[in-house]
Amino acid sequence: QVQLVESGGGLVQAGGSLRLSCAASGRTFSRYAMAWFRQAPGKEREFVAAVDWSGGSTYYTDSVKGRFTISRDNAKNTVYLQMNSLKPEDTAVYYCAATLSLREVTTLGGMNYWGKGTLVTVSS
């Protein structure tokens, strides 16, 4: 069992930055590939970014490439999402998720565990 708790969300102006954190419980954190998804009001949840077990490989959806950076610290059981140059369309609830299957790390159905989310609001 893995429990995930997100933090770091808030209100920011367009062009600003936020850093999200996701703290995981358990001693098996390093076995999981980790991902961030987001869900905007009235829209489906979508993939944002992912990182493999070691942190050596990362994956991004096109709309955040060059602006967002995902990273992890296995010693702290934490994954991060650094978000720069934020846009109003980045407004959403951001969810942290974990999977044992790297092949499915970009898919909703492939995730084994989810956090409850943290709200990011970007004002124009």
Side-chain angles (χ1 to χ4, degrees):
Q1 187 78 9
V2 175
Q3 292 185 327
L4 304 173
V5 179
E6 303 95 335
S7 62
L11 174 64
V12 63
Q13 289 188 333
S17 298
L18 281 176
R19 188 195 198 199
L20 305 183
S21 299
C22 172
S25 65
R27 295 176 293 177
T28 60
F29 175 71
S30 61
R31 295 177 55 194
Y32 290 86
M34 301 296 297
W36 288 94
F37 290 77
R38 67 185 178 186
Q39 187 166 16
K43 295 188 177 181
E44 294 185 350
R45 194 172 299 189
E46 65 174 0
F47 169 75
V48 176
V51 61
D52 72 354
W53 305 277
S54 68
S57 295
T58 57
Y59 313 87
Y60 299 94
T61 192
D62 286 346
S63 63
V64 308
K65 285 180 180 177
R67 300 189 298 123
F68 291 10
T69 302
I70 189 170
S71 62
R72 66 188 296 161
D73 185 338
N74 287 341
K76 296 182 177 179
N77 280 14
T78 302
V79 63
Y80 305 97
L81 185 68
Q82 177 67 44
M83 305 186 295
N84 299 329
S85 302
L86 282 161
K87 305 175 181 180
E89 51 263 44
D90 294 318
T91 295
V93 176
Y94 283 71
Y95 297 89
C96 176
T99 180
L100 290 172
S101 174
L102 183 61
R103 184 171 55 185
E104 298 180 278
V105 75
T106 65
T107 66
L108 290 170
M111 310 315 291
N112 300 115
Y113 299 101
W114 291 90
K116 293 184 178 181
T118 185
L119 177 63
V120 172
T121 304
V122 184
S123 64
S124 58

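No hydrogens, no waters, no symmetry mates; every other heavy atom, side chains included, goes into these values. If you read the sequence from its start, that first residue is 1, and numbering goes on from there.
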| message | Could you walk me through whether L18 and L86 satisfy the side-chain contact (heavy atoms from CB on, under 4.5 Å) test, starting with their C-alpha distance in whole Å, then the side-chain angles of each, then the deciding distance to 0.1 Å, before giving a yes or no? | response | CA-CA 8 Å; L18 281 176; L86 282 161; 4.2 Å; yes
Only distances under 3.5 Å count here; give the side-chain donor-acceptor pairs of residues 3-16 to other protein atoms, sequence neighbours excluded, each with its distance to 0.1 Å.
unit_1	atom_1	unit_2	atom_2	d
E6	OE1	K116	N	3.1
E6	OE1	G117	N	2.9
E6	OE2	C96	N	2.8
E6	OE2	G117	N	3.2

Please report the shortest heavy-atom distance between [X] and [Y], naming the atom on each side.
{"X": "F68", "Y": "Y60", "answer": "O-CE2, 3.3 Å"}
{"X": "V2", "Y": "Y113", "answer": "O-CD2, 3.4 Å"}
{"X": "S21", "Y": "W36", "answer": "O-CH2, 3.7 Å"}
{"X": "S17", "Y": "S85", "answer": "OG-N, 4.4 Å"}

| task | List in chain and number order the residues that pass salt bridge (charged side-chain N to carboxylate O under 4.0 Å, His left out) with K65, two or more places apart in sequence or in another chain; answer none if no residue qualifies. | result |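 So K65 forms a salt bridge (charged side-chain N to carboxylate O under 4.0 Å, His left out) with D62.
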| Sidechain-backbone polar pair: T107 side chain, G110 backbone, donor-acceptor under 3.5 Å | yes
| query | Between D52 (side chain) and S57 (backbone), is there a donor-acceptor pair under 3.5 Å? | reply |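 Here the side-chain-to-backbone pair exists.
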| message | Test of understanding: with side chain to side chain donor-acceptor pair (under 3.5 Å), list the residues that count as partners of S101, not counting sequence neighbours. | response |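 S101 satisfies side chain to side chain donor-acceptor pair (under 3.5 Å) with E104 once adjacent residues are dropped.
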| field | NZ or CZ of R72 within 45° of F29 ring axis and under 6.0 Å | value |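 Yes - R72 lies over the ring of F29, closer than 6.0 Å to its centre and within 45° of its axis.
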Could you state the interatomic distance from [atom1] ([X]) to [atom2] ([Y]), rounded to the nearest 0.5 Å?
{"X": "L20", "Y": "T118", "atom1": "CG", "atom2": "OG1", "answer": "6.0 Å"}
{"X": "I70", "Y": "T58", "atom1": "CD1", "atom2": "OG1", "answer": "8.0 Å"}
{"X": "T106", "Y": "E46", "atom1": "OG1", "atom2": "CD", "answer": "12.0 Å"}
{"X": "R31", "Y": "T99", "atom1": "CZ", "atom2": "OG1", "answer": "11.5 Å"}

| said: Clusters formed by hydrophobic residues whose side-chain heavy atoms approach within less than 4.5 Å: which one holds W53, and what are its other members? | reply: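 Hydrophobic cluster check, W53: joined to F37, F47, Y59, V93, Y95, L102, V105, L108, M111, W114, L119.
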Show the atom names and distances, to 0.1 Å, of all donor-acceptor pairs under 3.5 Å that link a side chain in residues 76-83 to residues at least two apart or in another chain.
unit_1	atom_1	unit_2	atom_2	d
N77	ND2	A24	O	3.4
N77	ND2	G26	O	2.7
T78	OG1	K76	O	2.8
Q82	NE2	N84	OD1	2.9

| message | Taking salt bridge (Lys or Arg N to Asp or Glu O under 4.0 Å) as the cut-off, I'd like each qualifying pair that reaches into residues 84-95, sequence neighbours left out, listed once. | response |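 For residues 84-95: R38-D90, R67-D90.
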